[in-house]
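Okay, structure first, notes after.
Order of the sequence lines sets the chain letters (A, B, ...), proteins ahead of strands, with each chain counted from 1.
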Protein chains: 2
Amino acid sequence: MADMNTAVDLSLLNDAVPFPGCLPKAFDGETRDDFTRHSVVSRYGQHETIFFEGDPADAICQVDEGAVMLYKLLPDGRRQVVELLSQGDVFGFARGDYRDCSAETLTPARIRLTERRTAERSCSFQRVLARQVLLQLEAMHEHAVLLGRKSAMERVASFLLRLAGEDVSPEEAPVIDLSMTRQEIADYLGLTIETVSRSFSELKRRGLIALEKQDRVRIANYDAVETLATAC
Amino acid sequence: MADMNTAVDLSLLNDAVPFPGCLPKAFDGETRDDFTRHSVVSRYGQHETIFFEGDPADAICQVDEGAVMLYKLLPDGRRQVVELLSQGDVFGFARGDYRDCSAETLTPARIRLTERRTAERSCSFQRVLARQVLLQLEAMHEHAVLLGRKSAMERVASFLLRLAGEDVSPEEAPVIDLSMTRQEIADYLGLTIETVSRSFSELKRRGLIALEKQDRVRIANYDAVETLATAC
DNA sequence: CGTCGATTTGACCTATCTCAATGAGAGTGG
DNA sequence: CCACTCTCATTGAGATAGGTCAAATCGACG
């Protein structure tokens with residue numbers, strides 16, 4: 001699992017952007033400079049690999065902007081997308097010293113990289129970390145319900161609602177940018193590409209959604225989709 | 001009441017390798033007393049509910065001893081067990097002020113409860129929290145692969161290996177105490193009770209496991225089970 | 001020995017997968 | 001502007017793993 005795109009070279013790039021809003025004002029001892037000194041923002045294009053499962057885990061990552069997916073592969077090639085990440089989410093941790101899953105951008109993205117040592121020493125970082133990871137753990141709980149207990153249609157409906165929720169457009173007919181291929185959606189929802197496609201078609205046929213482009217969905221009947229999702 | 005110096009326990013629980021630069025001496029401001037004053041160990045019997053989804057989340061929980069399961073219910077009664085917890089694992093968090101899932105003991109258990117406020121203020125607690133939750137998140141990744149991509153047989157085999165791994169008996173024929181009903185196993189693996197039962201029977205027929213009691217399994221052929229689990 | 005809940009087993013059904021063909025959209029080059 | 005190609009998405013037809021329903025068995029306990 002060698003990788004080349006893993007620009008975890010901490011010496012490169014330094015358009016230090018202030019740490020996302022979640023940082024408490026109170027830094028216990030260390031100054032912001034201690035922080036930025038060891039934290040670096042790296043840019044990635046769409047569909048670029050940030051790291052592979054098994055790579056050495058030298059830096060902790062946080063999504064500064066854009067969307068990232070984490071996935072794992074089984075030896076025979078089956079893939080499961082285990083998390084979809086957006087701004088603020090942290091990733092790249094591991095029990096040992098190696099990444100437990102692969103990370104790839106879904107959109108162009110800015111990723112903040114912090115040396116592991118630095119992060120472990122910093123109290124404020126640990127706070128942000130604990131907070132973020134708890135949010136992500138909660139999302140994983142919800143996703144386990146989806147994977148373990150929901151039908152294909154319920155999964156797709158829940159997926160759309162989740163994306164709609166993140167979106168800026170609040171009411172009326174939310175338009176969603178999937179920024180994922182059918183294959184990626186399938187691998188996230190534990191389905192096949194064909195079943196995802198059929199579900200989209202069925203939703204379209206029933207008039208609950210409209211496909212503006214292949215990866216752009218307008219939710220025409222939000223309430224109906226919500227019902228299908230089994231009160232996600 | 002074996003242990004009373006709760007703060008130290010909390011920091012070191014499950015820390016085979018002490019967290020780098022995070023030894024319990026370094027309390028940023030708070031004293032050990034601040035900690036014990038707000039941390040309490042509570043005992044539960046087998047199959048007791050610790051809290052329900054939606055309950056107010058006033059205290060953070062950590063498994064001090066025993067096993068706990070977290071589960072979520074869909075409106076129509078379908079259940080998904082989202083996490084199996086053992087010593088050191090933390091739970092009872094929530095995005096808002098309410099628990100995001102229900103918690104029930106699988107065995108008699110000791111649960112350490114810490115006031116949320118206290119936990120949020122304490123730097124050492126945040127450190128333990130971040131560390132534990134990251135471990136749990138990693139376990140959830142693995143579980144997502146199981147739920148999304150593995151066959152019934154692979155799920156059951158992976159499940160047995162996971163329990164065997166936790167177990168003290170290292171080699172030869174590990175004997176596992178399931179301490180879960182078939183229904184609970186099914187709800188954890190995203191299967192039905194019948195499918196779980198059939199998988200056990202098949203494993204027994206092939207001589208890979210032996211059921212000493214209904215909830216006591218001896219893994220007779222560890223390697224074969226490992227193969228079935230698709231290199232978990 | 002009888003009862004009750006949990007587990008196992010059997011027979012059948014269906015949601016989803018698999019395999020295969022068709023279609024649609026984005027580039028490219030003539 | 002029009003083939004041509006390549007990738008991705010859709011649709012169809014048939015196969016199957018696992019679900020459902022129902023009956024039989026087991027085990028603990030009084």
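Between its opening and closing five pairs, the helix from dC1(C)-dG30(D) to dG30(C)-dC1(D) changes axis direction by 30°, a value rounded to 10 degrees.
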E226(A)/I219(A) under side-chain contact (heavy atoms from CB on, under 4.5 Å): CA gap, chis, key distance, verdict: CA-CA 10 Å; E226(A) 209 164 28; I219(A) 300 190; over 6 Å; no
Derivation of the side-chain contact (heavy atoms from CB on, under 4.5 Å) call for V90(A) and R112(A): CA-CA 9 Å; V90(A) 294; R112(A) 172 173 305 280; over 6 Å; no
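For the 3.5 Å distance criterion, the side chains of Q46(A) and T107(A) fail to qualify, holding no donor opposite an acceptor. E83(A) and Q136(A) share a side-chain donor-acceptor pair at under 3.5 Å. At a cut-off of 3.5 Å, with distance as the only test, a side-chain donor of K150(A) or S158(A) sits close to an acceptor on the other residue. Side chains of T105(B) and E48(B): no donor on one and acceptor on the other come within 3.5 Å. At a cut-off of 3.5 Å, with distance as the only test, no side-chain donor of R110(A) or S42(A) sits close to an acceptor on the other residue.
The NE2-C1' distance, from H47(A) to dC8(D), rounds to 11 Å in whole Å. Atom pair D215(A):CG and dT7(D):C1' shows a separation of 14 Å (rounding to whole Å applied). Counting to the nearest Å, the P atom of dG18(D) and the CG atom of L146(B) are 12 Å from each other. Counting to the nearest Å, the C1' atom of dC6(D) and the CD atom of Q214(A) are 13 Å from each other.
Heavy-atom nearest nucleotides on DNA chain C were determined for K213(A) and for R155(A), and the one closer to the 5' end corresponds to R155(A).
In this structure, R182(B) is positioned above the aromatic face of F200(B), its NZ or CZ under 6.0 Å from the six-membered ring centre and within 45° of the axis.
The main-chain N or O of L129(A) is never found under 3.5 Å from a side-chain atom of Q132(A) such that the two would form a donor-acceptor pair.
Across residues 189-199 of chain A, E194(A), S197(A), R198(A) each have a non-hydrogen atom less than 4.0 Å from an atom of DNA chain D (numbered order). Within residues 200-208 of chain B, the residues that have a heavy atom under 4.0 Å from DNA chain C are, in order of number, S201(B).
Between D187(B) and the options R78(B), K72(B), R79(B), a side-chain hydrogen bond (donor to acceptor under 3.5 Å, both in side chains) holds for only R79(B).
The two residues P75(B) and T230(A) make their nearest non-hydrogen contact at CD-CG2, 3.6 Å. The two residues M140(A) and A144(B) make their nearest non-hydrogen contact at CE-CB, 4.1 Å. What you find for G92(A) and F51(A) is that their closest heavy atoms are CA-CZ, 3.5 Å.
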Which atoms of nucleotides 23-25 of chain D (N or O only) lie under 3.5 Å from a protein N or O atom, and what are those distances?
none

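Nucleotides of DNA chain C with any atom under 4.0 Å from a heavy atom of chain B span, from 5' to 3', dT7(C) to dA11(C).
Side-chain contact between Y71(A) and V82(A) is absent, with no heavy-atom pair separated by less than 4.5 Å.
T195(A) is linked by a side-chain hydrogen bond (donor to acceptor under 3.5 Å, both in side chains) to T192(A), counting only residues two or more places apart in sequence or in another chain.
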